[in-house]
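Report on the following structure.
By convention in this document, chain letters (A, B, ...) are assigned in the order of the sequence lines, proteins followed by strands, and residues within each chain are numbered from 1.
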Amino acid sequence: MSRYNAKEVEAKWQAIWADRKCFEVEPDSSRPKYYVLEMFPYPSGRIHIGHVRNYTMGDVVARYKKAQGFNVLHPMGWDAFGLPAENAARDKGVHPAEWTYANIAAMRDELKSMGLSLDWSKEIASCHPGYYGHQQKLFLDFLKEELVYRKESWVNWDPIDMTVLANEQVIDGKGWRSGATVEKRKLNQWMFRISDYSEDLLDNLDKMDRWPDRVRLMQQNWIGKSTGAHVSFDVIDEADSLEIYTTRPDTLFGASFMAVSADHPFTQKLAKNNADVAAFVAECHQMGTSEEAIEKADKKGVDTGFTAAHPFIEGKRLPIYVANFVLMDYGTGALFGCPAHDQRDWDFAKKYGLDILPVVSSDGNKVSDLGDAPYTGPGKIINSDFLNGLEVEAAKTEIIERLEKLGKGSAKVNYRLRDWGLSRQRYWGCPIPVIHCDACGTVPEKEENLPVVLPNDVTFDKPGNPLDHHPSWKHTPCPSCGKDAVRETDTMDTFVDSSWYFARFCSPRADIPVERDKVDYWLPVDQYIGGIEHAILHLLYARFFTRAMKITGWSHVEEPFAGLFTQGMVTHETYRSTSGEWLLPEEVALNDSGDLVEIEGGGPVTIGGIEKMSKSKKNVVDPGAIIDKFGADAARWYVLSDSPPDRDMEWTDAGATGAWRFKQRLHRYIIENTETAGVPGMQEPGEIPEAALTLRKTAHKTIMQVTENLENLHFNNAIARIYEFMKALNDYDVSDQSDGSRWVLREALETIVNLVGPMMPHLAEELWQLLGHQTILADSPWPQAIKALTIEDTVTMAVQVKGKLRGTIEVAFNEQSDRVEEIALAQKSVQNAIGENTIRKIIVVPNRIVNVVI
RNA sequence: GCGGGUGUGGCGGAAUUGGUAGACGCGCUGGUUUUAGGUACCAGUUUCUUAUGAAGUGGGGGUUCGAUUCCCUCCACCCGCACCA
């Protein structure tokens, strides 16, 4: 018997799909649309197993929805700008563009070998001027609407590499490459006004019911809405006042100090004449900009010597500190400290010997709830003049009213979300299309000059931004006055590229960013699939961009992604040699006695934990090698079969082998039984033998279950149901040659091929053809379950006595309850369990269970 | 610290959402075929047990005729956020 040759068959069908343009789509008002999108990959050069899992899931959804009659858009592109290309340029002397396009070519081949139902005619790469030029147009439109603006903000500056560093590039306060101590510097940065949309971004989360709760919650926390108050404190002997933000205005009477940020104007003014303050500010600036860095630092402050007047307590003076834990970016960059009811204030007060006065009492009577920690729970206000006796919430309202009357404060809603800084001092990104003119200031590039294309002749041998030291690129006449001016040499954050690519896919070759009729038809994305690591930034930025594109008239939708699914990671065991070196899975094997050893040398291998695949621990498998060995279908089948898609899955060779075996078994079964089955399009005969009818019922039940599982993305369960059906087919006696049996067998064989189709598309096409079809399975409709066939005439019901299982009974479907009781009680095992006891009641759940209560 | 999640055989996991716990796959144990194999097929595989049952879904408690599922509490692990005023 000829064995199924995955390599040949898969290549064959991939070619046929491509020739027939099976997956190339255009808007079609006669059919419902469905837009399936997986997060587009960064072209690192090779796909990894995580990609295989991600794209397989998306492909199953796309193929399934297509079979269901939807007009399915399923595109692919490349998130192609980014630092790795510049690193490659530096380290290997290859131009970023060359490196990137070579990687794209390699990865495209690998993806194609997976047999994905992608519309390759819509492929885009974000590093192509045909993409980023339109991004520049969007930028200019946003600029007109003031959705983007320029502002000075702090960055991590590497003084040797002369470059801005991302937080993760700062290691122990030093640049990752140069090792130089990182400085905080203020630079002019372009910012998207995302924080203006905080409330809207937050509100809409409630409506996004096809997003995981987890992700919605993460975004909610990130946006971080809080309600509180602004309070103004007069600084003694100064004309200034300090405006602070607090969420606990009710604890105002417990205030014992003020704290301001090192970057606060008050501090900066002071630093000019106060060496202690200046030194402290400098110290704060060495911490780096990440919140993590600030967290790890000790809580520290320096007394400015100034005091502020308490707005309600006559004569009370609060010392003003500069403190390293106060962030200029949040609230007003200043706060009052109430140590009795806030952990951070408590720690600070303990360190600097400040007063701790309780003003909230848990039951209203206790003098203090303080032990060795502040009290942050609910209760009644004490020690607070006119607030005494009020509950915390009532006290907040009351004191805000009083503050307003005094003109010393007001209610204020605050958000943690900050504006999105998009400037990057790098070469390999989308140039920001503005020009700096001495006379006219910052001037947008003329639209007819778009795209502003990156120069090709750049060098990476000098520190700093290659665009900046390019001899001619940045010199250009001012679009406004025509005098000599200088181009912006910053490029855009790559998150900008990924914030609208889903819209560009709708009209990828248009000479404007997007065509309205196309985006109106395709958007929003119906099912978006990707990793949880993008739960916050990418998904929030894309949501902001969608709003901005609506404001500038480019699209109609409020939200880009109607459905979101976050898949789990792929993990693998780790292996180490006796010398402690990590080993690749292909470097180890079982020896004759069943021990894991190194293939080279035969040394013993220590098996480590099951961890996320990473290059450093070498616990990676190469999808190319897997596909070569097992075939794309088996690889696809396996990544779907074992674990629920949102959970991490462990890659094991044994699991992949299992998938491969199923593929062989199904192939063999169809070949062996095609002759026995009826011909395609055979008329349904009047009579169907009993055994065939049973098989038919199983087939239709399987269709129903698999359909439901695919709708809910429960791929692992869908596969389990297909295995069960395969088993039923194996057990079925094919010897009866009556028309009825042959017809049922044909239906069953076609059913299993149909159901397997989205998961193992090449095998399914091959089998579809073997079954005598001239059509392409990818163009064929999804099978419909006949409901009557999914309902059994009889059901097995469990019989319990006092909640313990004592037997099962076979009764007609929907049998009368009293009849069920009768049958149940007639069981010997049931009678034995009841014994001498009297029956108190009998609970019958139709078609499920009988419980005799004694 | 706050928020969220997870915990079921040797392993991945299933359980119609309160109704026969362990589907399906992997592994393992027997057996049968086979010219070899990462072959195929059949049977078995939660634990204990006097073979009659008993226990059992991280531990303890509760609600219920009935709990993997709901509630309380504790434990372990994972993820997110975090000097957020």
- Item | Bracket string, RNA chain B, 5' to 3' - pairs by Watson-Crick or G-U geometry under 3.5 Å, | interstrand | (((((((..(((......[....)))((((((.......))))))(((....)))..(((((..]....))))))))))))....

- Task: Give a yes or no on whether a donor-acceptor pair under 3.5 Å exists between the nucleobase atoms of B/G38, that is its base, and the side chain of A/Thr657.
- Result: yes

- Message: So if I take every side-chain heavy atom of A/Phe630 and compare against B/G38, B/C65, B/A14, which nucleotide ends up nearest?
- Response: B/G38

- Item | Selected nucleotide, minimal atom distance to A/Arg214 side chain, candidates B/G4, B/A85, B/G19 | B/G4

- Any donor-acceptor pair under 3.5 Å joining the side chain of A/Arg848 to the base of B/U16? yes

- Taking only the side-chain heavy atoms of A/Leu327 (C-beta and beyond), determine which of B/C24, B/C84, B/G12 contains the nearest atom. B/C84

- Query: Looking across every strand, which nucleic acid part, if any, lies under 4.0 Å from A/Lys412 by heavy atom: base, sugar-phosphate, or nothing?
  - Reply: nothing

- Message: Checking contacts here: which listed nucleotide (B/G80, B/C24, B/G38) is nearest the side-chain heavy atoms of A/Ala720?
- Response: B/C24

- Query: When all nucleic acid strands are considered with a 4.0 Å heavy-atom cut-off, which category describes A/Arg840: base, sugar-phosphate, or nothing?
  - Reply: nothing

- Query: Hey, is the main chain of A/Ser735 close enough, under 3.5 Å, to the side chain of A/Asp733 for a donor-acceptor pair?
  - Reply: yes

- Query: Name the one of A/Val231, A/Leu242, A/Val260, A/Asp345 that satisfies side-chain contact (heavy atoms from CB on, under 4.5 Å) with A/Leu335?
  - Reply: A/Asp345

- Modelled atom types, side-chain donor and acceptor of A/Gln567 and A/Arg647, under 3.5 Å: no

- Looking only at B/G19, B/A14, B/A85, the nucleotide nearest the A/Thr247 side chain is B/A85

- Choosing from B/A15, B/C81, B/A40, which nucleotide comes nearest the side chain of A/Ile536? B/C81

- Query: For A/Thr808, which contact category applies under a 4.0 Å heavy-atom criterion: base, sugar-phosphate, or nothing?
  - Reply: base

- Query: B/A85, B/C26, B/G19: which one has an atom nearest the side-chain heavy atoms of A/Thr246?
  - Reply: B/A85

- B/G9: syn or anti, per glycosidic angle within 90° of 0: syn

- Query: Is the backbone of A/Ala728 close enough, under 3.5 Å, to the side chain of A/Asp731 for a donor and an acceptor to pair up by distance?
  - Reply: no

- A/Glu724 side-chain proximity, nearest of B/U20, B/A23, B/A85: B/A23

- Item | Side-chain (A/Lys663) to main-chain (A/Phe630) donor-acceptor, under 3.5 angstrom | yes

Protein-nucleotides 51-57 of chain B N/O pairs closer than 3.5 Å?
none

- Item | N/O donor-acceptor pair under 3.5 Å between A/Asp622 side chain and A/Ala625 backbone | yes

- Have a look at A/Thr796 and say if it touches a base, only the backbone sugar-phosphate, or nothing, with a 4.0 Å heavy-atom cut-off. base

- Message: On the side chain of A/Arg668, is there an atom forming a donor-acceptor pair with the base of B/A40 - under 3.5 Å, no angle test?
- Response: no

- Task: Determine if the base of B/U17 is syn or anti; take syn to mean the glycosidic torsion is within 90° of 0.
- Result: syn

- Query: If you pin A/Asp653 and A/Asn730 to their nearest nucleotides in RNA chain B, which one's is more 5'?
  - Reply: A/Asp653

- Answer with base, sugar-phosphate or nothing: what part of the nucleic acid does A/Val326 contact at a heavy-atom distance below 4.0 Å? base

- Go through B/C81, B/G13, B/C84 for me and flag the one nearest to the A/Asn716 side chain. B/G13

- Query: Has the side chain of A/Arg721 got a donor or acceptor atom that lies under 3.5 Å from a matching backbone atom of A/Thr702?
  - Reply: no

- Task: Look at the side chain of A/Asn851 and decide which nucleotide, out of B/A14, B/G38, B/G19, has an atom nearest to it.
- Result: B/G19

- Option passing side-chain contact (heavy atoms from CB on, under 4.5 Å) with A/Lys804 (candidates A/Lys802, A/Arg806, A/Gln800): A/Arg806

- Assess whether side-chain contact (heavy atoms from CB on, under 4.5 Å) is satisfied between A/Val844 and A/Glu821, documenting all intermediate values. CA-CA 7 Å; A/Val844 178; A/Glu821 284 181 22; 3.7 Å; yes

- Message: Test side-chain contact (heavy atoms from CB on, under 4.5 Å) on A/Thr657 and A/Tyr638; report intermediate values, then the result.
- Response: CA-CA 9 Å; A/Thr657 307; A/Tyr638 174 52; over 6 Å; no

